[in-house]
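Since the structure is predicted, the reported quantities are computational estimates derived from the model, not experimental observations. Just so we're on the same page: letters track the sequence lines, and every chain starts at 1.
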4 protein chains.
Amino acid sequence: MSPSPERREELLATAAEVFAAQGYNATTVRKIADEAGLLAGSLYYYFDSKESMLDEILSGFLTELWARYDAVLGTDLGPRETLEALVTESFREMDQRRAAVAIYQRESKHLQNQPRFAFLVESQKKFEKAWLGTLERGVAAEVFRADLDIRLTYRFLRDTVWVAVSWYRPGGQHSPEEIARQYLSMVLEGIALRE
Amino acid sequence: MSPSPERREELLATAAEVFAAQGYNATTVRKIADEAGLLAGSLYYYFDSKESMLDEILSGFLTELWARYDAVLGTDLGPRETLEALVTESFREMDQRRAAVAIYQRESKHLQNQPRFAFLVESQKKFEKAWLGTLERGVAAEVFRADLDIRLTYRFLRDTVWVAVSWYRPGGQHSPEEIARQYLSMVLEGIALRE
Amino acid sequence: MSPSPERREELLATAAEVFAAQGYNATTVRKIADEAGLLAGSLYYYFDSKESMLDEILSGFLTELWARYDAVLGTDLGPRETLEALVTESFREMDQRRAAVAIYQRESKHLQNQPRFAFLVESQKKFEKAWLGTLERGVAAEVFRADLDIRLTYRFLRDTVWVAVSWYRPGGQHSPEEIARQYLSMVLEGIALRE
Amino acid sequence: MSPSPERREELLATAAEVFAAQGYNATTVRKIADEAGLLAGSLYYYFDSKESMLDEILSGFLTELWARYDAVLGTDLGPRETLEALVTESFREMDQRRAAVAIYQRESKHLQNQPRFAFLVESQKKFEKAWLGTLERGVAAEVFRADLDIRLTYRFLRDTVWVAVSWYRPGGQHSPEEIARQYLSMVLEGIALRE
DNA sequence: AATGAATGAGGCTTCATTCAT
DNA sequence: GATGAATGAAGCCTCATTCAT
């Protein structure tokens with residue numbers, strides 16, 4: 001009737017790892033099962049379908065991410081501090097759910113058309129609102145440059161953070177906080193030397 | 001006996017468009033054929049396999065890109081100017097081969113293990129050498145900041161440029177050169193307002 | 001060690017209901033278990049297999065039916081009265097084991113090839129003998145028409161009775177005896193008005 | 001693009017034969033393919049799914065049947081003659097599409113819930129209307145008995161005809177017309193000898 | 001150059017059944 | 001008596017590819 005949640009979580013983590021490594025489409029259910037040490041059919045004791053695994057992985061990730069973001073946005077920080085906090089939380093999430101982030105990065109665009117994954121579009125919108133709002137506040141408060149196309153800046157920031165998942169490995173040399181610091185330094189101050 | 005190169009090129013462009021839109025794995029040969037107005041089997045008059053289409057698309061893209069890069073690197077530009085030129089050429093290439101770039105972005109990582117796509121690894125190495133070299137020259141010449149992890153900076157730059165393919169549409173509001181200018185401005189000077 | 005016969009009977013009734021509603025093949029063991037309020041695997045404490053449930057349902061039905069028929073045939077009734085009694089007993093059985101009859105109707109033909117269900121063929125033969133004999137006696141005694149193909153008449157009678165299971169619902173408007181009376185009236189006298 | 005209609009028809013006939021022999025659920029796509037002399041996957045060049053084969057078989061049958069019935073009902077026949085014509089056409093259809101009729105008999109009830117097979121319900125309704133109407137006309141015109149439950153008579157007639165598919169073999173001893181004549185004789189006049 | 005038809009491998013999923021607890 | 005978890009066989013379907021015409 002109700003399989004143990006712990007085992008589900010384990011299997012979901014395995015699936016996420018494989019999806020991230022090979023891409024969702026290229027991943028066979030059999031491969032996931034092999035990796036998890038059971039037979040392909042047995043996965044269906046825990047999940048309805050391959051797609052529902054993907055669904056849970058992505059919605060789980062977004063739920064957690066938004067808990068982080070909402071905590072930041074609920075505080076009364078200035079625009080620069082907000083931006084710094086959002087970036088830092090993003091890297092922390094990437095540190096904890098690397099696979100999910102990688103899957104999100106690779107698949108979310110194609111998935112958005114399917115009704116089942118409508119929540120991706122929702123999240124996308126909230127995302128844009130939060131970041132654009134912060135940037136606008138920053139321009140108004142004269143802490144961010146006013147001469148940049150703000151939507152371009154938004155995309156630049158958003159992508160620059162998340163694309164890092166392509167090379168980031170949890171437990172590596174740099175902590176997520178350190179990477180966030182360096183990224184923020186580049187993004188905010190630029191890489192050119194100032195005189 | 002030998003199919004016309006023009007028709008091949010046409011079909012390849014169609015294939016690239018579909019691969020970019022749906023992902024390589026999720027694209028069926030039939031879908032490409034539909035889009036091109038012939039039957040799936042007929043594509044095999046022009047190409048050995050689905051994979052060989054992908055191969056040609058990616059290698060064609062890299063060949064052209066390296067023609068651009070080599071032209072820049074062959075000139076005697078300073079580090080900052082080199083970086084500016086490389087970024088600009090990248091956006092120009094993206095403008096001309098959007099589909100190929102999108103495919104490269106999405107698939108190249110998974111493809112690198114296959115012997116057939118070894119050229120991706122080669123390119124990757126040359127890429128790294130060119131960019132890292134430029135950055136190092138810049139640090140030495142005191143035009144780039146010395147306090148940044150240079151590999152991190154490299155990845156940041158590389159990704160930040162190419163990931164733009166996810167939203168860039170040729171023929172849109174901004175020319176590739178303009179986008180390059182704004183990106184360079186952000187990357188070099190930062191988005192924070194200076195006093 | 002040995003499961004209670006009452007519980008078995010209960011479960012068998014549930015299984016019969018589901019088999020009748022959905023067809024044997026389309027019925028999953030899980031569905032039966034759901035309906036009975038336990039898990040699929042638990043059914044195997046009571047029964048060897050899904051097939052053995054079917055077996056018991058059908059042989060139980062035929063055993064009871066033949067008890068009825070034999071009671072009729074053992075009596076010294078005339079052909080017309082015998083026929084009336086057989087039809088009436090058939091409707092009574094249908095009233096008491098609707099599900100089993102429906103399953104028999106739908107599945108017995110396909111099952112007859114399997115050795116396990118050889119008893120279906122046996123029953124079929126006895127059936128034919130009883131009905132055909134009665135009809136022949138009736139023709140000889142000049143109570144049934146002599147101008148009809150007797151095998152055709154047999155099939156007509158047999159099917160006309162049992163196919164009623166497709167719409168008959170126990171506890172409905174008409175008692176089995178009443179339905180038997182009407183059917184017999186139609187079959188014996190015809191539906192055309194006589195002058 | 002568009003496979004030859006002749007081949008489709010052939011394959012459909014094969015499928016119908018197998019469905020009729022083993023039941024829809026118990027029939028594997030592989031079995032149909034074996035019987036037709038190709039591989040299971042090849043069937044999908046002609047049909048979308050196993051279910052769509054069933055759909056075509058049943059709707060093809062009903063379309064043809066209704067052509068027959070409508071021709072009869074369009075003529076200005078008396079109730080008895082109408083009934084005779086309908087029964088005769090039914091046996092003719094059974095003669096020409098035995099397999100389809102057998103499938104209809106066995107599966108239509110379970111199928112009626114699925115939206116895809118809503119046409120079965122439609123047909124059922126038209127069916128009932130045509131037969132009930134004829135019976136009522138006959139009672140009014142005093143050619144059919146008035147003392148029978150008319151719905152019971154309808155079911156009796158309907159089932160008695162169609163259930164014959166369980167033993168009828170085209171090309172056998174009796175022509176469909178002859179069987180119709182005998183059935184009508186039994187149904188109209190009864191099997192009891194009159195004095 | 002292209003079609004129509006078929007192949008065969010492999011993918012996702014279902015399900016009767018088993019068994020330790 | 002019953003559960004939870006797993007097995008393994010089999011089913012439907014997809015799809016890259018082939019090939020005679």
Can you tell me the distance, in whole Å, between the NZ atom of K31(D) and the C1' atom of dA10(F)? 16 Å
Is E35(C) paired with R30(C) through a side-chain N to carboxylate O contact shorter than 4.0 Å? no
Quiz item: cation-pi between K50(B) and Y24(B), 6.0 Å / 45°: yes
If you check the S42(C) side chain, which of dA2(E), dT17(E), dT3(F) turns out closest? dT3(F)
I need the CG-P distance between L43(D) and dG8(E), as an integer number of Å. 15 Å
For atom CG of L39(A) and atom P of dG11(E), their distance in whole Å: 15 Å
Here the pair of heavy atoms bringing I57(B) nearest to A100(B) is CG2-CB, 3.9 Å
5' precedence on DNA chain F between E51(D) and S4(A) (nearest-nucleotide basis): S4(A)
Have a look at S52(C) and say if it touches a base, only the backbone sugar-phosphate, or nothing, with a 4.0 Å heavy-atom cut-off. nothing
Using a 4.0 Å heavy-atom cut-off across all strands, classify T27(D) as base, sugar-phosphate, or nothing. sugar-phosphate
Whole-Å gap separating C1' (dA1(E)) and OH (Y45(B)): 6 Å
Under-4.0 Å salt bridge between E107(B) and R106(A): yes
note: L54(A), atom CG; dC12(E), atom C1'; distance rounded to Å ~ 15 Å
Check the distance between dA6(F)'s P and L38(A)'s CG and give it to me in whole angstrom. 6 Å
When every non-hydrogen atom of L11(A) is compared with those of A36(A), the smallest separation belongs to CD2-CB, 3.5 Å
Overall bend of the helix from dA2(E)-dT21(F) to dT21(E)-dA2(F) (five pairs an end, 10° steps) is 20°
Determine yes or no for a side-chain-to-main-chain donor-acceptor pair under 3.5 angstrom, with S108(D) supplying the side chain and Q105(D) the backbone. no
Base, sugar-phosphate, or nothing: which does T28(B) touch, judged by heavy atoms less than 4.0 Å apart? sugar-phosphate
Considering heavy-atom distances to DNA chain E, does V29(C) or L11(B) have its closest nucleotide positioned more toward the 5' end? L11(B)
Looking at dA6(F), dA6(E), dA16(E), which one has an atom nearest to any side-chain atom of K50(C)? dA16(E)
With distance as the sole test, does S123(A) use its side chain to make a donor-acceptor pair with the main-chain N or O of L120(A) at under 3.5 Å? no
Please determine if a side-chain N or O atom of R7(A) lies less than 4.0 Å away from the OP1 or OP2 oxygen of dA6(F). yes
Between K109(C) (side chain) and S166(D) (backbone), is there a donor-acceptor pair under 3.5 Å? yes
Between P on dG11(F) and CG on N25(C), what's the gap in Å once rounded to a whole number? 11 Å
How do S49(B) and Y46(A) order along DNA chain F: which one's closest nucleotide is nearer the 5' end? Y46(A)
On DNA chain E, nearest-nucleotide positions of Y24(A) versus A40(D): which is more 5'? A40(D)
Calculate the interatomic distance between Y44(D) atom OH and dG10(E) atom C1'; express it in whole Å. 15 Å
